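A short worksheet on the structure shown next.
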There are 2 protein chains.
Amino acid sequence: MQEDIMEKLDKHDLRKTIIRKDVLKIFVQAEGKALSSKDIEQALENPDRITLYRTLRSFEEKGLIHQAVDGSGTSKYALCSEDCTVHEHQDDHAHFHCTKCEQTICLETGPRSPVNVPEGYIVRRSYLVLEGLCRRCANP
Amino acid sequence: MQEDIMEKLDKHDLRKTIIRKDVLKIFVQAEGKALSSKDIEQALENPDRITLYRTLRSFEEKGLIHQAVDGSGTSKYALCSEDCTVHEHQDDHAHFHCTKCEQTICLETGPRSPVNVPEGYIVRRSYLVLEGLCRRCANP
DNA sequence: AAAAACTTGCAACTTTGTTGCAATAACCAT
DNA sequence: ATGGTTATTGCAACAAAGTTGCAAGTTTTT
């Protein structure tokens with residue numbers, strides 16, 4: 001698993017620094033859960049906030065993680081599937097956002113039916129967010 | 001039109017103060033375009049920033065405007081359709097977000113096919129965001 | 001017209017995120 | 001392994017977006 005992390009960093013052309021290993025480990029352990037900068041700050045104790053932001057940006061640029069739009073206002077990130085590359089993210093799945101515990105998870109969703117946009121508009125990506133209560137919060 | 005605005009405020013149980021009339025007028029004129037707090041600040045000259053935030057919150061609570069999730073990070077709002085009530089928003093349409101000019105518009109979209117969520121999860125609302133270039137930015 | 005209820009505007013503060021720069025660590029080639 | 005190159009870190013300073021408490025000012029109700 002330690003090797004897994006090293007390999008991932010290597011494959012995505014990222015230097016193996018302590019914080020990167022730590023952050024990536026947290027993402028791997030989170031298993032499809034989207035994490036905010038704050039979540040990670042709390043998991044690691046006292047990482048430099050700025051360095052963390054930059055780590056997240058690098059990870060995203062190199063195709064290791066993707067932003068999970070969830071309507072909560074703050075950015076969240078989740079581990080990409082294996083086939084994301086530096087140049088193009090392939091994370092077309094929807095995200096579920098629990099309004100009670102504020103957790104966001106990636107859903108396994110197939111391709112969506114296309115939506116009509118006005119003449120002349122170009123669609124590059126789309127995000128689908130489902131909002132409601134997760135299992136834990138729905139059944140207290 | 002002035003009467004229209006007064007009526008809307010009345011119907012939604014909001015006091016008719018100067019800033020509320022002004023802000024609502026801007027939303028009516030924006031015609032389906034989603035506006036950020038900043039957009040409105042610029043349209044009105046020097047409104048109190050805090051009061052504006054509170055105005056937007058009241059409008060949303062009373063079902064006059066709805067948040068338009070667009071993945072841009074900052075909150076945007078657009079006028080609700082007539083049948084939104086205080087208790088339940090009905091704005092199920094998608095939003096288009098132009099990554100160049102940062103404008104967001106409401107799209108007229110029909111009902112979407114439901115997405116599978118894990119056992120026990122409850123979906124209350126969903127947001128669909130299309131991201132790309134608007135007509136103006138796509139054809140320079 | 002006065003009382004009650006709500007709204008405004010100000011100060012102060014929090015959270016989230018960015019930039020510039022010197023010091024440091026990782027990587028590559030001897 | 002050693003050193004040079006290049007990328008990364010950590011700090012300070014800053015900026016944007018948003019919130020809270022409270023006294024003063026408006027609406028609305030009676």
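All values below were derived from every heavy atom in this structure, side-chain atoms included, with hydrogens, water molecules and symmetry-related copies excluded. Here the structure is a predicted model, which means the values were calculated and not measured.
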- If a pair satisfies side chain to side chain donor-acceptor pair (under 3.5 Å) and one of its residues is in residues 129-140 of chain B, list it, with sequence neighbours excluded.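 Found A/Tyr127-B/Glu131.
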Is there a side-chain contact between [X] and [Y] (heavy atoms, below 4.5 Å)?
X       : Y       : value
A/Phe59 : A/Leu79 : no
A/Ser37 : A/Leu56 : yes
A/Glu60 : A/His66 : no

- Message: Is there a path of hydrophobic side-chain contacts, each under 4.5 Å between heavy atoms of I/L/V/M/F/W/Y residues, joining B/Val69 to B/Leu130?
- Response: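 Different clusters: B/Leu130 never reaches B/Val69 through Ile, Leu, Val, Met, Phe, Trp or Tyr contacts under 4.5 Å.
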- hydrophobic_cluster_shared for B/Ile50 and B/Val23, side chain cutoff 4.5 Å: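 No; B/Ile50 is not reachable from B/Val23 via cluster members.
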Whole Å only: how far is the [atom1] atom of [X] from the [atom2] atom of [N]?
X       : N      : atom1 : atom2 : answer
A/His12 : C/dC27 : NE2   : P     : 16 Å
A/Tyr77 : C/dT16 : OH    : C1'   : 11 Å
A/Arg57 : C/dG17 : CZ    : P     : 11 Å
A/Glu41 : C/dT15 : CD    : P     : 11 Å

- Query: Quick one: what's the B/S/- string for nucleotides 1-8 of chain C, heavy-atom cutoff under 4.0 Å, read 5' to 3'?
  - Reply: ----BBSB
- Message: So if I take the C1' atoms of five pairs at each end of the helix from C/dA1-D/dT30 to C/dT30-D/dA1 and get each local axis, what angle do the two axes make, rounded to 10 degrees?
- Response: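 For the helix from C/dA1-D/dT30 to C/dT30-D/dA1, the axes at either end differ by 40°.
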- Extract, from 5' to 3' on DNA chain D, the first and final nucleotides lying under 4.0 angstrom from some heavy atom of chain A.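 Answer, 5' to 3': D/dT6 to D/dA12.
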- Query: Which residues pass the side-chain contact (heavy atoms from CB on, under 4.5 Å) test with A/Thr51, sequence neighbours left out?
  - Reply: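 Here the qualifying residues are A/Ile19, A/Asp48, A/Thr55.
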- Item | B/Lys100: side-chain contact (heavy atoms from CB on, under 4.5 Å) partners, not counting sequence neighbours |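 Result, side-chain contact (heavy atoms from CB on, under 4.5 Å) vs B/Lys100: B/Cys98, B/Leu133, B/Cys137.
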- Query: Does a side-chain N or O from A/Lys16 land closer than 4.0 Å to OP1 or OP2 of C/dC27, or not?
  - Reply: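 For C/dC27, OP1 or OP2 has a side-chain N or O of A/Lys16 closer than 4.0 Å.
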- Task: Check whether the side chains of B/His95 and B/His93 place a donor and an acceptor atom closer than 3.5 Å, and report yes or no.
- Result: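 Yes, because at least one side-chain N or O of B/His95 sits under 3.5 Å from a partner of the opposite role on B/His93.
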- Query: Taking NZ, NE, NH1 and NH2 as the nitrogens, is one of them in A/Asp39 or A/Lys33 under 4.0 Å from a carboxylate oxygen of the other?
  - Reply: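 A/Lys33 and A/Asp39: not salt-bridged.
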- Pick the nucleotide of DNA chain D nearest each of A/Arg49 and B/Gly73; which residue has the one closer to the 5' end?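 Checking each residue's closest nucleotide, the 5'-ward one belongs to A/Arg49.
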- Message: Among A/Arg20, A/Lys25, A/Lys16, which residue satisfies the side chain to side chain contact (heavy atoms under 4.5 Å, CB included) criterion with A/Ile5?
- Response: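 Only match with A/Ile5 under side chain to side chain contact (heavy atoms under 4.5 Å, CB included): A/Lys25.
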